[in-house]
Amino acid sequence: MFTGIIETLGRIKTIEKEQDNIHISISSDITNELKIDQSVAHNGICLTVVAIENDCYTVTAIKETIEKTNLGHWNTGDVVNLERAMRLGDRLDGHIVQGHVDQIGKCINVENANGSWYYSFQYDSSLNNITIEKGSITVNGVSLTVVNSKRNEFSVAIIPYTYEHTNFHAIKEGSVINLEFDVIGKYVSRLKELRG
């Protein structure tokens with residue numbers, strides 16, 4: 001379980017394909033605090049640490065993860081948002097995030113708002129995920145509030161701190177991002193589906 005409050009950034013050092021799996025080595029300032037078998041969210045994708053060497057650690061993604069997320073778009077040198085799993089008793093400063101990406105989306109607009117930014121994203125609504133105005137959404141693992149919610153698109157407002165301390169500064173029009181929809185919104189969507 002995660003909160004969507006990004007702890008730090010990591011830089012991808014190597015990407016190695018092995019059959020249907022991808023092994024990704026990441027350099028980060030939290031590497032020395034990690035342990036084998038620990039869960040870490042990478043752009044919102046919960047992946048298990050399988051190896052640690054010096055300032056790098058390695059995670060492995062299986063075919064399903066690669067197909068459902070933007071992981072297949074990652075390149076050596078890319079910066080990813082990192083968050084370790086929350087501990088019992090911690091404050092829940094973001095919202096309840098499972099680390100299970102629901103689907104990808106695409107940035108369709110970035111608007112400078114005189115000191116902050118509005119990012120607009122589009123997603124495939126046929127997968128029955130919905131956003132709710134002023135509800136929560138996770139974009140690349142970052143807990144955010146939805147503005148301008150529509151059937152297959154929404155916007156978020158990004159303050160300078162978030163822009164500087166996450167990989168939002170690298171997102172531009174056309175960027176593919178990971179989306180995890182709010183569990184409450186998923187519940188509402190499922191109820192509507194069951195009621196016909």
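Along the sequence shown, the residues carry numbers beginning at 1.
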Show me the donor-acceptor pairs within less than 3.5 Å that the side chains of residues 22-31 make with the rest of the protein, sequence neighbours left out.
from	atom 1	to	atom 2	distance (Å)
His23	ND1	Thr60	OG1	2.8
His23	NE2	Glu18	OE1	2.6
Ser25	OG	Thr14	OG1	3.3
Ser25	OG	Thr58	OG1	2.9
Ser27	OG	Asp55	OD2	3.0
Ser28	OG	Ile30	N	3.2
Asp29	OD1	Thr8	OG1	2.9
Asp29	OD2	Thr8	OG1	3.4
Thr31	OG1	Ser28	N	3.4
Thr31	OG1	Ser28	O	3.0
Thr31	OG1	Asp55	O	2.9

Residue pairs fulfilling ring pair (Phe, Tyr, Trp, His ring centres under 6.0 Å) with at least one residue in residues 34-63, sequence neighbours excluded: His42-Tyr57
Ring pair (Phe, Tyr, Trp, His ring centres under 6.0 Å) contacts touching residues 68-88 (sequence neighbours left out): none
Kindly write out the residues that satisfy salt bridge (Lys or Arg N to Asp or Glu O under 4.0 Å) with [X], not counting sequence neighbours, or none if the list is empty.
X	value
Lys13	none
Glu53	none
Arg11	none

side-chain hydrogen bond (donor to acceptor under 3.5 Å, both in side chains) partners of residues 106-123, not counting sequence neighbours, each pair once: Ser120-Ser155
Contact summary for [X] and [Y], nearest pair of heavy atoms:
X	Y	result
Leu9	His169	CD1-CE1, 4.3 Å
Leu144	Ala157	CD2-O, 4.5 Å
Glu180	His100	OE1-N, 3.3 Å

Do you reckon [X] sits in the same ILVMFWY cluster as [Y], going by side-chain contacts under 4.5 Å, direct or chained?
X	Y	answer
Leu179	Ile158	yes
Val110	Val156	yes
Ile15	Ile45	yes
Ile177	Phe154	yes
Val79	Leu34	no

Would you please name every residue forming a side chain to side chain contact (heavy atoms under 4.5 Å, CB included) with [X], sequence neighbours left out?
X	result
Lys150	Asn148, Glu153
Ile6	Asn81, Val142, Thr166
Lys63	Asp20, Glu67

Determine whether [X] and [Y] make a side-chain contact, defined as any pair of heavy atoms from C-beta on separated by less than 4.5 Å.
X	Y	result
Val40	Val59	no
Asn140	Asn70	yes
Met86	Val97	no
Asp182	Val146	no

Identified side-chain contact (heavy atoms from CB on, under 4.5 Å) counterpart of Asn178 within the set Ile104, Val139, Asp102: Ile104
Under 3.5 Å side-chain donor-acceptor pair for Gln103 and Asn129: yes
Residues clustered with Leu127, ILVMFWY side-chain links under 4.5 angstrom: none
Set of ring pair (Phe, Tyr, Trp, His ring centres under 6.0 Å) partners for His165, sequence neighbours left out: Tyr161
Approximate separation, where rounding is to 0.5 Å, of Ser39 OG and Glu83 CD: 11.5 Å
Between OG1 on residue Thr162 and CD on residue Glu164, distance to nearest 0.5 Å: 9.5 Å
N/O donor-acceptor pair under 3.5 Å between Glu7 side chain and Leu82 backbone: no
NZ/Lys35: more than 12 non-hydrogen atoms of other groups inside 6.0 Å: no
